[in-house]
Amino acid sequence: MRKPVKGATRLRGAFVGSASGTVSIAAHALGGGVISPEQSSVALLIGACAAVGVLVGSLRTRAGLLQLMGLLAVGQGIGHTALTLSPGHHHGAHATALMLLAHLAAIPMGALLIRGAEAAVGRAASSVRRAVRVLGALPVPALPTVVLVTARDAAIPRKLLLGSGIGTRGPPVYL
């Protein structure tokens with residue numbers, strides 16, 4: 001049986017990885033960066049954010065709010081870098097300021113949302129655990145066991161049983 005802490009850390013990693021990718025795309029688009037689904041930079045973004053999620057999910061301790069904000073900042077930085085690796089990519093000075101503002105606003109909001117989601121999942125899991133414990137403690141009424149034997153089952157010809165596996169190949173001989 002898995003421990004709830006292990007599941008919570010994996011969930012945190014998934015949240016941080018997906019939030020990093022989402023905010024990277026949103027901030028990039030807000031700042032006027034070009035994003036096309038067929039670009040290889042989007043594939044690199046997905047791989048980078050998945051790697052960030054796995055790394056955050058492998059942390060054993062519960063991340064505090066400041067640590068979670070740092071992890072989100074690193075993830076968004078990696079995601080934004082993956083998007084800027086496309087050929088012919090350029091930013092203006094005004095666009096970079098908008099992108100930076102979007103990233104900086106998303107970091108504390110994302111950290112608060114992730115902490116809230118962790119708390120909600122923990123409460124939901126403990127509620128399910130309590131419900132299973134209560135339902136498991138209820139007595140189960142014993143039902144009587146009844147075996148029905150029909151006349152057809154009682155009268156199996158003995159010749160069929162003896163003749164079916166002996167002799168030449170072919171259908172059984174009925175006498």
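Computed from a predicted structure; not experimentally measured.
Counting heavy atoms from C-beta on, the side chains of Arg115 and Leu65 come closer than 4.5 Å. In this structure, Ser20 and Val16 have side chains that are in contact, with non-hydrogen atoms separated by less than 4.5 Å. Annotation: side chain of Leu71 is not in contact with side chain of Val52 (no heavy-atom distance under 4.5 Å).
Within the model, atoms CZ of Phe15 and CG of Leu72 stand 11.5 Å from one another, a figure rounded to the nearest 0.5 Å. Note that the CG atom of Leu44 and the SG atom of Cys49 stand 9.5 Å from one another [nearest 0.5 Å]. Atom CE of Met109 is separated from atom CD1 of Ile114 by 11.5 Å, given to the nearest 0.5 angstrom.
Note on Ile107: it clusters hydrophobically with Leu66, by side-chain heavy-atom contacts below 4.5 Å among ILVMFWY residues. Leu55 and Val74 are members of different hydrophobic clusters when ILVMFWY side chains are connected at heavy-atom separations under 4.5 Å. Hydrophobic clustering of Ile, Leu, Val, Met, Phe, Trp and Tyr side chains at less than 4.5 Å, counting indirect connections, keeps Val23 apart from Leu45.
Other residues, nucleotides and ligands contribute more than 12 heavy atoms inside 6.0 Å of the CG atom of Leu135.
Counting all heavy atoms, side chain and backbone alike, Ser24 lies closest to His103 at CA-CE1, 3.9 Å.
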